[in-house]
Amino acid sequence: NFIDSDIEGSVQSPLPLSKDKIICQIYDEDSWQSGKPENTNYILKRADAETLKKVQEKQILTAAGNDVIYSLSSEVVKFNKSNDKFRVKVIDYSKFNTDDDYNAGSRELNNDLLKGNVPDILLLNTNMNADTYIGKKLLTDMNTFFSSDKDIKKEDYLENILNIFESDGKLYQITPTFGIRTMVGKTSEIGEKQGWNFSEFMAFVEKNKDKEVLNISGRKELLNSFLSMTIGEYVNYKEGKCNFENEDFIKLMEFVKEYGKDQEDIDIEAKDSYPMNEYNALLNIVGIDGYHRLHELEKGYIGEEVTFKGLPSPKGIGSAIGYQVSLAISDKSKNKEGAWEFVKVFLKEDFQDKTTNTGLGFPLKKSSLEKLAENTKNPPKDQQNSMIQPTVFIGEEMKEIGFIDDAGIEKVNKLITSIDSAVNYDANISKIIEEEMEVFYKGDKTAQEVAKLIQNRVNTYINEIK
């Protein structure tokens with residue numbers, strides 16, 4: 001791939017001019033903030049012997065992941081150009097993905113890891129469960145690097161977000177940026193209190209059964225949305241245990257059966273209507289990827305104060321972080337210090353501050369989060385010395401909503417510091433549940449009978465991978 005050639009951006013339409021030259025366009029995803037053209041023509045020349053010698057003298061660090069995001073590959077190139085000792089080689093498993101199966105790459109990478117083919121650096125996402133790798137002692141405790149590093153201090157970062165990735169006091173992965181997955185509703189309808197359990201949620205649903213309660217109606221989407229946020233309450237990968245025969249999961253099954261719709265019915269409804277506002281439901285499962293998102297909901301789409309209620313959960317929080325990538329270091333790596341040098345790139349101010357104008361989500365570093373808040377309240381002026389007014393589209397109507405205030409910033413900060421879990425989607429468990437739920441939908445088996453079947457199959461699966 002072109003990352004190995006230290007090229008930032010996406011190479012498009014390459015054409016050979018000779019055996020040593022290629023002409024192409026390179027698309028720069030950061031062009032909108034750098035002022036450079038999106039596409040620039042380049043002639044790429046084969047590296048000379050001296051350049052190759054310098055590259056080959058460096059120690060190679062392998063970094064493997066599925067669907068490596070642009071912001072990460074860009075930092076790989078910068079690291080490789082600037083570091084005199086180490087060079088990162090990216091192995092992107094997205095080449096195994098298909099239009100029908102976007103998780104094929106994650107599964108292939110997972111299989112390689114369990115076979116012992118472990119890279120120096122692992123680029124995880126929410127479709128890969130690190131608990132399995134922790135149980136097999138494949139990952140390094142990064143707290144040891146924090147304690148000895150002179151440049152990076154752990155207390156400068158959000159403790160509760162780091163704690164999500166700790167196990168038995170050891171930190172096995174770090175996500176440099178994150179978003180939040182939660183459920184919101186009008187405060188006038190659901191009150192100010194954050195969080196509820198499944199009984200409280202179902203009481204609200206029953207009370208409002210003649211209204212559109214949720215902005216998600218498909219049975220499969222409902223199941224996956226709830227499970228990705230709460231899978232840790234049913235499955236313990238580390239101990240190889242699961243509990244799907246509990247009261248909350250039975251209630252979830254019954255809720256999805258009664259209120260969820262088959263995809264065919266959704267397709268028919270979609271032909272007959274066009275939603276002018278996707279937030280018309282009483283409860284909306286949403287992603288919060290910046291302070292601006294709350295403001296868009298309250299001043300635009302929903303039009304009044306909202307509460308971050310979260311999905312029903314025994315712990316009463318029901319909100320979780322999502323992330324595009326988290327970084328882990330292999331315990332088998334012979335270059336752990338070099339791997340840490342690469343991980344540090346994403347913790348330093350240069351990268352963390354990028355979130356203030358690139359939409360990467362919330363930064364992990366506290367000082368960068370404060371800058372993001374300030375930039376959202378008081379954004380820098382453009383070349384005409386004016387601020388571009390934030391707007392939302394409701395149907396075909398554009399509405400100016402102004403800028404978020406201190407109260408809104410504080411409300412989002414309270415949500416951020418309350419979270420103690422991450423979104424986790426296990427395609428294999430979801431498939432098992434979807435398959436067994438079909439007989440429940442048809443009425444051939446009770447919820448308790450199907451829950452027992454799910455329990456047995458998932459228990460077998462998690463012990464196979466333990």
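Quick note: residue numbers are just sequence positions, from 1.
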Side chains of [X] and [Y] in contact at under 4.5 Å (non-hydrogen atoms):
X: Q173; Y: M128; result: no
X: V256; Y: Y441; result: yes
X: V76; Y: F342; result: yes
X: P176; Y: L327; result: yes
X: W196; Y: P312; result: yes
X: S421; Y: I317; result: no
X: I429; Y: L227; result: no
X: E254; Y: M202; result: no

message: Test ring-ring contact (aromatic ring centres under 6.0 Å, His included) on F178 and Y323; report intermediate values, then the result.
response: CA-CA 5 Å; F178 61 93; Y323 51 91; 9.6 Å; no
Quick one: which residue pairs count as a salt bridge (charged side-chain N to carboxylate O under 4.0 Å, His left out) with a foot in [range], not counting sequence neighbours?
range: residues 403-431; value: E298-K411, E305-K411, K315-D420, K377-D406
range: residues 108-123; value: none
range: residues 184-196; value: K186-E304

Between [X] and [Y], what is the shortest heavy-atom contact and its length?
X: P363; Y: S368; result: CG-C, 3.6 Å
X: N143; Y: L171; result: ND2-N, 3.4 Å
X: N424; Y: T126; result: OD1-O, 3.3 Å
X: K137; Y: D331; result: O-CB, 3.8 Å
X: K257; Y: G443; result: NZ-CA, 4.2 Å
X: T182; Y: L311; result: C-CD1, 4.2 Å

task: For D156, check salt bridge (charged side-chain N to carboxylate O under 4.0 Å, His left out) against everything at least two apart and list the hits.
output: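 Applying salt bridge (charged side-chain N to carboxylate O under 4.0 Å, His left out) to D156 gives none.
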message: My understanding is that only residues two or more places apart in sequence, or in another chain, count here; which of them pass salt bridge (charged side-chain N to carboxylate O under 4.0 Å, His left out) with D168?
response: K238
- request: For the pair D92 and L123, evaluate side chain to side chain contact (heavy atoms under 4.5 Å, CB included) and give the outcome as yes or no after the intermediate values.
  value: CA-CA 9 Å; D92 192 344; L123 311 173; over 6 Å; no
Exceeds 12 heavy-atom contacts within 6.0 angstrom, atom [atom1] of [X]:
X: Q324; atom1: CD; answer: no
X: Q12; atom1: CD; answer: yes
X: K445; atom1: NZ; answer: no

Gap separating the [atom1] atom of [X] from the [atom2] atom of [Y], nearest 0.5 angstrom:
X: L222; Y: I216; atom1: CG; atom2: CD1; result: 6.0 Å
X: N335; Y: Q59; atom1: CG; atom2: CD; result: 4.5 Å
X: S106; Y: N111; atom1: OG; atom2: CG; result: 11.0 Å
X: S330; Y: L113; atom1: OG; atom2: CG; result: 8.5 Å
X: K365; Y: Y157; atom1: NZ; atom2: OH; result: 4.0 Å
X: Q194; Y: T307; atom1: CD; atom2: OG1; result: 9.0 Å

task: With salt bridge (charged side-chain N to carboxylate O under 4.0 Å, His left out) as the test, would you mind laying out the steps for K366 and E159 before giving the verdict?
output: CA-CA 10 Å; K366 294 175 185 176; E159 294 91 345; 2.8 Å; yes
I'd like to check the ring pair (Phe, Tyr, Trp, His ring centres under 6.0 Å) partners of [X]; sequence neighbours left out, ordered by chain and number.
X: F308; value: none
X: Y172; value: none
X: Y461; value: none
X: F440; value: none

Which residues satisfy the side-chain hydrogen bond (donor to acceptor under 3.5 Å, both in side chains) test with [X], sequence neighbours excluded?
X: E296; value: R293
X: K299; value: none
X: W340; value: D149

- request: Decide if the gap between the ring center of Y234 and the ring center of F249 is smaller than 6.0 angstrom.
  value: yes
Salt bridge check, [Y] against [X]: does any charged N sit closer than 4.0 Å to a carboxylate O?
X: D353; Y: K371; answer: yes
X: K209; Y: E206; answer: yes
X: E337; Y: K344; answer: no

field: Whether Q448 side chain and E245 backbone form a donor-acceptor pair below 3.5 Å
entry: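 No.
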- prompt: Does E449 use its side chain to pair, donor to acceptor, with the backbone of T446 at less than 3.5 Å?
  reply: yes
query: Under 30°, 30 to 60°, or over 60°: which ring-plane class applies to F255 and F198, parallel, tilted or perpendicular?
result: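 The arrangement is perpendicular - the two ring planes meet at more than 60°.
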task: Evaluate the criterion side-chain hydrogen bond (donor to acceptor under 3.5 Å, both in side chains) for residue pair S199 and K251; output intermediate values, then yes/no.
output: CA-CA 8 Å; S199 294; K251 287 178 180 176; 2.5 Å; yes
task: Start with the C-alpha gap between N284 and I302, add the side-chain angles, then the distance that decides, and say whether side chain to side chain contact (heavy atoms under 4.5 Å, CB included) holds.
output: CA-CA 10 Å; N284 299 274; I302 293 175; 4.1 Å; yes
message: Show, in sequence, the C-alpha distance, side-chain angles and deciding distance for V213 and Y259, and conclude whether the side chain to side chain contact (heavy atoms under 4.5 Å, CB included) test is met.
response: CA-CA 9 Å; V213 177; Y259 293 95; 5.6 Å; no
message: Assess, by modelled atom type and distance only, whether the side chains of Y291 and N413 contain a donor and an acceptor separated by less than 3.5 Å.
response: yes
message: Is it the case that the side chains of Y133 and N110 hold a donor-acceptor pair, with the cut-off being a distance below 3.5 Å and no angle test?
response: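 Yes - a donor-acceptor pair under 3.5 Å links their side chains.
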message: D101 vs R107, test: side chain to side chain contact (heavy atoms under 4.5 Å, CB included). Steps then yes/no.
response: CA-CA 10 Å; D101 189 355; R107 283 200 305 276; 2.3 Å; yes
